[in-house]
Protein chains: 2
Amino acid sequence: MTEAGKPGFSDCNNATLRRAARSLGRFYDDALAPSGLKSTQFGLLFQIHISDEPAMGTIAEALIMDLSALGHTLKPLIRDGYLETFPDKDDRRVKRVRLTPRGQAKLDEALKLWSVAQQQFEKKVGAEQAAKLRAALDAVADLDLEMPTAAPSN
Amino acid sequence: MTEAGKPGFSDCNNATLRRAARSLGRFYDDALAPSGLKSTQFGLLFQIHISDEPAMGTIAEALIMDLSALGHTLKPLIRDGYLETFPDKDDRRVKRVRLTPRGQAKLDEALKLWSVAQQQFEKKVGAEQAAKLRAALDAVADLDLEMPTAAPSN
DNA sequence: CGCCAAAAGTGGCATATGCCACTAATTTAG
DNA sequence: CTAAATTAGTGGCATATGCCACTTTTGGCG
């Protein structure tokens, strides 16, 4: 398109994605509110739950998030006693994370709330559609995107 | 679930969406870095650019973001002289926003960087596919999701 | 063994977002 | 017209995320 109309928002894939994330995030956050957890925290607890005492770097990689950002995000959950860390036996640089009993209980509680939201969402868009969307999003997330001219010192 | 195992991450539509957003956000952020703008700021400037001196509430609604969050996000852009606000003539409660010449120039500069990233992305996933994904995301963002029993005291 | 490069986190700083309580300006009752 | 209800923002507080500079450990190597 040599010019012409703006589509309302923008054709920016990133902007569209963020907008949807804000919208959906609010919905899941509302659903989880009774548990006191944010949807991001729930996701983090869940990821740790399905992993085996993962190292911080492992979690960050799985969630495609910055290691330091993960560290910051972990703090309130540790402070509230849902998670605890301990050093890896073979490599003292590595810090592993696990759910405390309290964290496990909180996760169980949150899971019930989460599934209501999840089902509500899937009922609206259809389970098939939702699965396809997730697949598409995972594909996007795992794309190996790279800038062509990755900033030559020039 | 009739069968076991964790799907890798989670079936949570929200978690998947956020993960993709972090991933893609990083890509666009890297592309925009030379301009000094974050992809979120770029999106905000663009939204204001295609609107006609929009009121803050209007912008927040279009981007589906909290009004106060918008206010916070606007600050660094105003501080850096890219945007300016002014009261609506008929309703003094309303604060309208517009790009300054400097902001317009910065947006133009960023647009060039953005389109490289955008094209790179579309080359990877295909323009068709990208358009479909954006449509799906917009549909999700505009869903009228509501909790069934909004938390009965159980 | 001692030195250096790579790996894993931490802390500081800045932006992104949300919620809530509060203020100012308008609109709507009465 | 005046008081109650509503609307538009603001400011404070808390979490979400990233980047960068450092510190601590490791793992190689000569």
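Any value given below was found using the heavy atoms of this structure, including those in side chains, with hydrogens, waters and symmetry copies removed. Treat the numbers as computed from the prediction; the structure is a model and nothing was measured. Residue numbering restarts at 1 for every chain, and letters A, B, ... go by the order of the sequence lines.
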S.K.: If I take atom NZ in residue B:K38 and atom P in nucleotide C:dT17, what distance separates them, rounded to the nearest angstrom?
M.R.: 10 Å

S.K.: Using a cut-off of 4.0 Å on non-hydrogen atoms, how would the nucleic acid contact of A:G71 be classed: base, sugar-phosphate, or nothing?
M.R.: nothing

S.K.: Can you see if the side chain of A:K75 gets near the phosphate of D:dA14 - specifically, an N or O under 4.0 Å from OP1 or OP2?
M.R.: no

S.K.: Return the value, rounded to whole Å, for the distance between atom CZ of B:R92 and atom P of D:dT6.
M.R.: 22 Å

S.K.: Any sub-3.5 Å donor-acceptor pair from A:T100's side-chain atoms to A:G81's backbone N or O?
M.R.: yes

S.K.: Does one hydrophobic cluster hold both B:L83 and B:L67, with members joined at side-chain heavy-atom distances below 4.5 Å?
M.R.: yes

S.K.: Pick the closest DNA chain C nucleotide for A:G57 and for B:M65 by heavy atoms, then say which residue is nearer the 5' end.
M.R.: A:G57

S.K.: Reckon B:T73 has a side-chain N or O less than 4.0 Å from the OP1 or OP2 of C:dT15?
M.R.: no

S.K.: Closest nucleotide of DNA chain C for A:R18 versus for A:A55: which of these residues is on the 5' side?
M.R.: A:A55

S.K.: Looking at the side chain of B:V94, which of C:dG18, D:dA8, D:dT17 is the nearest nucleotide?
M.R.: D:dA8

S.K.: Any donor and acceptor pair, going by atom type alone, linking the side chain of B:T58 with main-chain N or O of B:P54 inside 3.5 Å?
M.R.: no

S.K.: How many whole angstroms separate atom CD1 of A:I59 from atom P of D:dT17?
M.R.: 14 Å

S.K.: With a 3.5 Å distance limit and no angle check, can you tell me whether A:S35 reaches the backbone of A:A110 through a side-chain donor-acceptor pair?
M.R.: no

S.K.: Rounded to the nearest Å, what distance is computed from the CG atom of residue A:L67 to the C1' atom of nucleotide D:dT17?
M.R.: 12 Å

S.K.: Send over the distance from B:I78 CD1 to D:dG9 P, rounded to a whole Å.
M.R.: 12 Å

S.K.: Going by modelled atom types, is there a donor-acceptor pair between the base of D:dG12 and the side chain of B:H72 at under 3.5 Å?
M.R.: yes

S.K.: Taking the side chain of B:A69 as heavy atoms from C-beta outward, which of C:dG18, D:dT17, C:dG9 is closest to it?
M.R.: C:dG18

S.K.: Out of D:dG18, D:dT10, C:dT15, which has the shortest distance to the side chain of A:S68?
M.R.: D:dG18

S.K.: What does A:D91 touch in the nucleic acid at a heavy-atom separation under 4.0 angstrom: a base, only the sugar-phosphate, or nothing?
M.R.: sugar-phosphate

S.K.: Counting distance alone, no hydrogens or angles: does the base of D:dT7 have a donor or acceptor under 3.5 Å from a partner atom on the side chain of B:R93?
M.R.: yes

S.K.: Under 4.0 angstrom, heavy atoms only, what part of the nucleic acid is B:R96 near: base, sugar-phosphate, or nothing?
M.R.: nothing

S.K.: For B:R22 and D:dG18, what is the distance between atoms CZ and P respectively, to the nearest whole Å?
M.R.: 6 Å

S.K.: Any donor-acceptor pair under 3.5 Å linking the side-chain atoms of A:Q118 with those of B:D11?
M.R.: no

S.K.: To the nearest angstrom, how far is B:D90 atom CG from C:dT27 atom P?
M.R.: 9 Å

S.K.: Whole Å only: how far is the CD atom of A:E61 from the C1' atom of C:dG9?
M.R.: 15 Å

